[in-house]
Amino acid sequence: MSTYPFYPERKTISLNGIWDFAWLGDCNIDQIMIAEVVFNEVMAVPGLFDTTPAYSGKRGVGIYRCVFLYPTTTQQLLRLKFGGAGLFCRIWVDGQEIGQYDLPYSSVDYDFRVTGREKHELIIAVDNRFDFKHSPLFAANFDFYAYGGIYRHIEIQSLPELYLERVYVTTKDISSGTVELKIILGGEIPSTAQLELSFDDNIKQTCEVNINDGIIILHYKVPDFKLWSPENPALHTVTVSIAHDTITERFGIRTVSTSGEQILLNGKALFLRGVCRHEAHPEFGPVQPSQLMINDLLLLKELHCNFVRCVHYPQDQRFLDLCDQIGMLVWQESMGWNNSEANALDAHFFELQVRQTKLMAKNSYNHPSIILWGFLNECCSNTQGGYKLYETLARSIRSINPEFLVTYASNKIGRTKEGIVQDICFDLVDVVAYNTYPGWIDPKPEWTDTPFDLIEPEIKRLSYISDTHPKVKGKPVLFSEIGTCALYGCHDIDKAQWSEEFQAEYVEKVCRAIFADQRFSGVALWQFFDTRSYVNAAPGVRCKPRGFNCAGLLDEYRRRKLAFSSIKELFMTHKASHESKFST
Ligand code: ADA
């Protein structure tokens with residue numbers, strides 16, 4: 001399954017399949033002599049070496065090799081479309097290094113030239129060691145497993161000398177279906193060109209256009225347009241041709257904005273009922289078979305969710321395509337997890353954060369499902385050093401589209417000794433989002449406290465902050481995480497902690513308290529299903545039970561815990577009672 005955009009004129013070779021593999025283990029990745037590597041094993045691509053029996057749980061360098069056929073006598077420009085990997089890679093074609101990969105989970109393109117051969121050799125060295133020098137974005141203490149391998153699809157495309165990079169489609173007017181097309185060109189760019197353009201499968205129009213800085217901006221009314229919404233996820237395509245290249249992008253006509261304390265879709269207030277979803281599976285990790293993604297979306301629909309927070313990195317474009325198709329609203333975020341001010345002050349970390357966040361906004365620009373754009377989950381939003389990074393990332397997203405709604409999940413919502421709310425970055429966002437675990441993580445309970453009794457006071461406390469804090473009042477607010485753990489199959493009549501009964505009651509109480517308070521625009525429960533976490537690998541952190549974060553409403557195989565049924569019931573009732581008031 002490919003993702004939008006499509007480039008029908010380009011010769012495209014999928015490299016998914018079985019590759020040669022060699023394990024170099026704990027070597028110096030900067031000094032690999034690839035010509036000397038002996039490939040005596042095989043590995044799946046996409047796939048993970050550290051979930052195979054031989055390398056399970058190992059950290060080090062694995063080398064992947066494949067051969068692709070691209071007969072050419074002249075020099076040819078090619079593009080490697082690299083869907084995502086972890087944690088750090090070096091990439092060679094025909095013995096020449098064409099690039100390094102330092103943005104775990106991001107989709108990155110690499111352009112290179114080949115000449116005078118029929119067969120070409122692609123080698124990718126993948127390093128899954130924690131190493132602040134090569135892959136500072138992923139650290140050992142993150143509460144999700146840092147897998148080693150090639151997570152997503154790989155393709156080679158031929159590029160003509162003048163090519164179409166992207167067409168960014170922005171809704172300008174929902175009553176007339178007017179969109180702006182921002183056509184980005186690459187290669188040898190002329191100052192004028194002839195374009196062919198069509199919407200859906202309608203007749204092609206031809207026009208002569210001026211090109212400024214490689215960009216063409218046009219406005220069109222989409223014929224026979226329909227608005228996109230979760231209830232009616234109507235999609236359109238636009239196909240643009242120039243010289244020897246054609247691109248088809250898919251988009252939806254809809255607006256996302258805020259008005260006072262509300263988030264609006266097509267001018268109507270939204271209430272977001274959702275969960276947080278990692279790309280995870282106990283056997284495949286972040287390698288997501290299409291069926292798994294579809295099953296997950298059907299489970300979200302069954303839960304009566306209209307919203308999914310895609311944590312804590314840019315997710316697979318195929319999943320986002322499916323969210324567009326099925327009508328699921330999305331929070332998409334770049335990678336960050338409890339990073340410190342020292343990280344934010346590090347120039348390399350800072351640069352990678354900006355690069356991955358801009359790339360995320362560009363790669364995912366046309367998904368109508370994405371309504372919120374985030375970064376730096378639970379990081380240093382309580383520090384001056386953090387402020388500079390948060391401010392730069394907010395600006396980076398808005399530089400791609402000033403109308404994208406910016407947010408981040410903050411857990412700096414306690415008060416300092418002086419009584420001031422710790423977070424200092426709320427002025428930077430359009431939508432404020434809180435992560436809180438009353439009676440479970442923070443605020444820290446006394447041993448005599450019953451977690452259930454701490455839920456309502458915490459929701460009320462945050463409601464009060466939302467009404468009174470100068471940087472929050474007047475803005476939409478939602479819960480980006482709240483929840484508790486249960487071990488699948490653990491039952492207890494007295495609702496002991498970690499039992500399914502305990503979790504079901506906890507999340508029910510959470511939702512009832514949030515639904516009862518008009519101040520909030522939604523909730524993303526922590527979390528959809530159990531996910532692999534660090535395993536005896538994080539200095540100073542005790543391993544989680546089973547090596548999993550067990551806060552899922554489902555376990556890691558998507559088996560239902562009691563909380564799944566209680567939330568399904570509650571979300572259904574809430575949806576029905578709010579249908580007249582809210583749009584979803
Ligand atoms: C945090 C974090 C989540 C998860 C959660 C937990 O809020 O954002 O990724 O680790 O805590 O379950 O502890």
Side-chain angles (χ1 to χ4, degrees), residues 86 104-105 137-147 274-280 285-286 308-315 331-340 343 372 374-382 386 390 407-414 422-423 425 432-445 451 454-455 458-459 462 478-488 497-498 500 502-503 506-507 510 514 523-535 537-538 540-556 561 563 567:
Y105 283 95
L137 292 184
F138 213 131
N141 65 319
F142 286 14
D143 185 10
F144 49 104
Y145 196 81
Y147 289 97
V275 289
C276 296
R277 177 183 182 270
H278 267 295
E279 289 184 326
V308 58
R309 176 176 170 222
C310 292
V311 291
H312 291 302
Y313 35 77
Q315 298 208 349
W331 161 322
Q332 153 101 317
E333 68 191 25
S334 52
M335 162 122 46
W337 198 88
N338 279 270
N339 296 97
S340 62
N343 288 165
L372 294 171
F375 43 76
L376 296 175
N377 173 68
E378 295 192 348
C379 296
C380 45
S381 53
N382 55 334
Y390 276 72
T407 190
Y408 63 86
S410 176
N411 66 340
K412 305 295 181 289
I413 45 183
Q422 294 160 335
D423 197 299
C425 298
V432 173
Y434 307 133
N435 286 3
T436 184
Y437 290 84
W440 187 247
I441 302 178
D442 208 22
K444 297 233 172 345
L454 300 177
I455 294 169
E458 172 67 350
I459 308 283
L462 290 169
L478 55 92
F479 287 87
S480 34
E481 280 180 35
I482 185 163
T484 194
C485 294
L487 296 168
Y488 175 74
Q497 291 188 20
W498 298 89
E500 289 195 27
F502 167 73
Q503 184 198 32
Y506 186 99
V507 289
V510 158
I514 295 173
V523 57
L525 289 171
W526 186 262
Q527 65 170 333
F528 189 13
F529 42 78
D530 294 351
T531 49
R532 191 76 168 152
S533 186
Y534 45 72
V535 184
V541 192
R542 168 160 284 179
C543 183
K544 307 221 156 192
R546 309 187 303 119
F548 279 85
N549 181 308
C550 297
L553 305 180
L554 306 162
D555 82 348
E556 63 276 19
K561 300 183 196 168
I567 291 303

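One-based numbering along the sequence shown. Atoms within each ligand, like the ligands themselves, are counted from 1 in listed order. Just so it is clear, the values below take in all heavy atoms, side chains as well, and ignore hydrogens, waters and symmetry mates.
The part of W337 lying near ligand 1 is the side chain, judged by heavy-atom distances below 4.0 Å. Within the 4.0 Å heavy-atom criterion, the part of N377 lying near ligand 1 is the side chain and not the backbone. With a heavy-atom cut-off of 4.0 Å, H312 touches ligand 1 through its side chain alone.
Closest to atom 13 (O) of ligand 1 among all protein heavy atoms lies I441 CD1, 3.2 Å. Nearest protein neighbour of atom 5 (C) of ligand 1, counting heavy atoms only, is Y437 OH, 3.5 Å. Nearest non-hydrogen protein atom to atom 10 (O) of ligand 1 is D143 OD2, 2.5 Å. Protein heavy atom at the shortest distance from atom 2 (C) of ligand 1 is E481 OE1, 3.3 Å. Of all protein heavy atoms, the one closest to atom 12 (O) of ligand 1 is N549 ND2, 2.8 Å.
Side-chain contact annotation: D423 with Y390, donor-acceptor N/O pair under 3.5 Å absent. No hydrogens or angles considered: a donor-acceptor pair under 3.5 Å links the side chains of N435 and N377. Side chain to side chain, T531 and N549 fail the donor-acceptor criterion of an N or O pair below 3.5 Å.
Side-chain N or O atoms of R309 include one that pairs as donor or acceptor with a backbone N or O of S480 at under 3.5 Å. For the pair Q503 (side chain) and G552 (backbone), a donor-acceptor distance under 3.5 Å is present.
Considering backbone and side-chain atoms alike, H278 places every N or O at 3.5 Å or more from each N or O of ligand 1. Remark: ligand 1 and N338 share no N or O pair separated by less than 3.5 Å (distance only, no angle test).
Taking the ring centroids of F138 and Y147, they lie at or beyond the 6.0 Å cut-off.
Numbered from 1 in the order shown, with element, the atoms of ligand 1 that lie under 4.0 Å from a heavy atom of K544 read 13 (O). Atoms of ligand 1 found under 4.0 Å from any heavy atom of N435 (numbered from 1 in listed order, with element): 8 (O).
Ring geometry, F502 versus W440: the interplanar angle falls from 30° to 60°, so the pair is classed tilted.
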Between H278 and Y313, is the ring pair (Phe, Tyr, Trp, His ring centres under 6.0 Å) condition met? List the steps. CA-CA 9 Å; H278 267 295; Y313 35 77; 5.6 Å; yes
